[in-house]
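First comes the structure, then the notes that go with it.
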Amino acid sequence: MAEILPLHDAVARLVHDGDTVALEGFTHLIPHAAGQEIIRQRRRDLTLVRMTPDIVYDQLIGAGCARKLIFSWGGNPGVGSLHRFRDAVQNAWPVPLEIEEHSHAGMANRYVAGASGLPFAVLRGYTGTDLPRHTDTIKQITCPFTGERLAAVPAINPDVSIIHAQRADRAGNVQLWGLVGVQKEAVLSARRSLVTVEEIVDELTPVPGQVVLPSWAVTAVAEVPRGAHPSYAQGYYERDNEYYEYWDSIGRNRDSFEQWLDEKVFGVTEEVAR
């Protein structure tokens, strides 16, 4: 059953140096506070997994937490590049970063395979792209029934998956709704999982289109109000578009980024850096 913990304790217990860590959330419910707590605890040599690495991974990469990134798209949505990501790939600063690139469909199917207990996923995809030439984890297979050539990708089974959700009850059952990506699959495919939530309530009131993760499927829950900021949490707060623009100026050079780290991550005791 899920254990309810403070964010600091949950990250300390679940995220270890050298782990494969997935932080998922598509535009909505991105676990920024958890990402910054990983930085604050100075985790190193992580393999980061995310379908759409945006500024939360720019922060983790720039802080030197990552040695590898497995992804399908990267950027500051609506603004431009991730400058700390680019610096790591192009200049090995602060440490070299290995990349493994897939399509969105490939990544989603890898999570599904991992959640299903299967060793790999099969899909029609990657045809006409250069990705199979550059990514060793994309293979061509032949269907034994039709002879059709298909793509195969290995399952993703992170050591720990971290997502953000709107609510959990005191037993650790998690409720999320709105724009939901692969959060469910990320949790179910992982060896350990952490869900940060806006609030812990006595009872989960049903919501149309909800996804409920039962307590037995989650390792730990942490109550972190505004834990998805600057992304949005439907029913709680809107996307902070100005922050995404602000991040471009912070991440653009090393000095401003390191100043941000000192002031907004290492220089605060709160679990959510403002």
Side-chain angles (χ1 to χ4, degrees), residues 4-19 21-23 25 29-46 48 50 53-67 69 74-77 79-88 91-97 160 162-164 194-199 220-233 236-274:
I4 297 176
L5 297 170
L7 179 59
H8 173 277
D9 295 356
V11 169
R13 187 177 301 182
L14 298 179
V15 183
H16 312 134
D17 289 351
D19 276 353
V21 182
L23 279 73
L29 298 174
I30 299 171
H32 282 272
Q36 291 179 7
E37 183 60 32
I38 292 171
I39 296 172
R40 196 172 291 115
Q41 296 192 21
R42 301 182 188 274
R43 292 294 182 267
R44 293 293 182 265
D45 297 320
L46 302 178
L48 297 178
R50 180 164 166 75
D54 45 19
I55 65 175
V56 65
Y57 272 22
D58 210 32
Q59 294 167 0
L60 284 157
I61 291 167
C65 299
R67 67 170 183 85
L69 176 66
N76 184 342
V79 179
S81 291
L82 296 174
H83 302 292
R84 296 301 91 223
F85 176 21
R86 291 178 66 93
D87 204 6
N91 304 307
W93 191 94
V95 293
L97 182 71
V160 57
I162 302 173
I163 66 169
H164 190 74
L194 167 61
V195 182
T196 58
V197 295
E198 289 298 315
E199 60 176 338
V221 172
E223 186 176 46
V224 187
R226 295 185 64 80
H229 179 268
S231 72
Y232 73 101
Y236 288 80
Y237 46 88
E238 296 181 352
R239 188 179 192 267
D240 187 348
N241 294 315
E242 291 183 357
Y243 190 99
Y244 285 86
E245 295 178 2
Y246 157 79
W247 183 255
D248 186 74
S249 65
I250 298 301
R252 187 170 288 275
N253 67 75
R254 297 173 185 177
D255 289 343
S256 59
F257 174 73
E258 290 188 321
Q259 182 179 354
W260 175 85
L261 276 180
D262 289 340
E263 294 178 357
K264 301 296 186 181
V265 180
F266 299 126
V268 299
T269 56
E270 294 87 355
E271 292 176 334
V272 181
R274 300 299 181 184

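The closest side-chain heavy-atom distance from Glu198 to His164 is below 4.5 Å. Put simply, the side chain of Leu97 reaches to within 4.5 Å of the side chain of Phe85, judged on heavy atoms. Side chains of Ser231 and Tyr244 form a contact here, defined as non-hydrogen atoms less than 4.5 Å apart. Between Gln41 and His8, some side-chain heavy-atom pair lies under the 4.5 Å cut-off. Side-chain atoms of His83 and Asn76, non-hydrogen and from C-beta on, never get closer than 4.5 Å to each other. Annotation: side chain of Pro53 is in contact with side chain of Leu69 (closest heavy-atom distance under 4.5 Å). Put simply, the side chain of Arg13 reaches to within 4.5 Å of the side chain of Leu5, judged on heavy atoms.
With sequence neighbours excluded, the residues satisfying side chain to side chain contact (heavy atoms under 4.5 Å, CB included) with Ala222 are Leu7, Leu194, Thr196, Val224. Taking Asp87 as the reference, Arg84, Asn91, Arg254 meet the side-chain hydrogen bond (donor to acceptor under 3.5 Å, both in side chains) condition, with sequence neighbours excluded. Residues forming a side chain to side chain contact (heavy atoms under 4.5 Å, CB included) with Ile39 (at least two apart in sequence, or on another chain): Gln59, Leu60, Ala63, Cys65, Leu261, Val265, Phe266.
Atom CZ of Arg86 has 12 or fewer neighbouring heavy atoms from other residues, nucleotides or ligands inside a 6.0 Å radius.
Of the possible donor and acceptor atoms, one in the side chain of Asp19 sits under 3.5 Å from a partner among the backbone N and O of His16. Side-chain atoms of Asp17 come within 3.5 Å of backbone N or O of Arg44 as a donor-acceptor pair. Looking at Arg50, its side chain never comes within 3.5 Å of a backbone N or O of Tyr57 through a donor-acceptor pair. Counting only distance, with no hydrogens or angles, the side chain of Tyr236 and the backbone of Pro225 share no donor-acceptor pair below 3.5 Å.
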Using the rule given for side-chain contact (heavy atoms from CB on, under 4.5 Å), can you reason through Ile61 versus Leu82, listing the C-alpha separation, both sets of side-chain angles and the distance that settles it, and then say yes or no?
CA-CA 10 Å; Ile61 291 167; Leu82 296 174; over 6 Å; no

Evaluate side-chain contact (heavy atoms from CB on, under 4.5 Å) for Val79 paired with Ile55, printing each intermediate quantity in order.
CA-CA 11 Å; Val79 179; Ile55 65 175; over 6 Å; no

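Atom CG of Leu23 and atom CG of Leu46 lie 9.5 Å apart (nearest 0.5 Å). Here the straight-line distance linking atom CZ of Phe257 with atom CG of Asp262 works out to 10.0 Å at 0.5 Å rounding. If you take CZ on Arg252 and OG on Ser249, they are separated by 8.5 Å, rounding to the nearest 0.5 Å.
Residues Gly25 and Ile30 come closest through the heavy atom pair O-CG1, 3.3 Å. Across Ala34 and Ile162, no two heavy atoms sit closer than the pair CB-CG2, 3.6 Å. Taking each heavy atom of Tyr232 and Tyr237 in turn, the nearest pair found is CB-O, 3.3 Å. Closest approach of Trp93 and Glu258 over heavy atoms only: CZ2-OE2, 3.5 Å. The two residues Pro77 and Asp54 make their nearest non-hydrogen contact at CD-CB, 3.8 Å.
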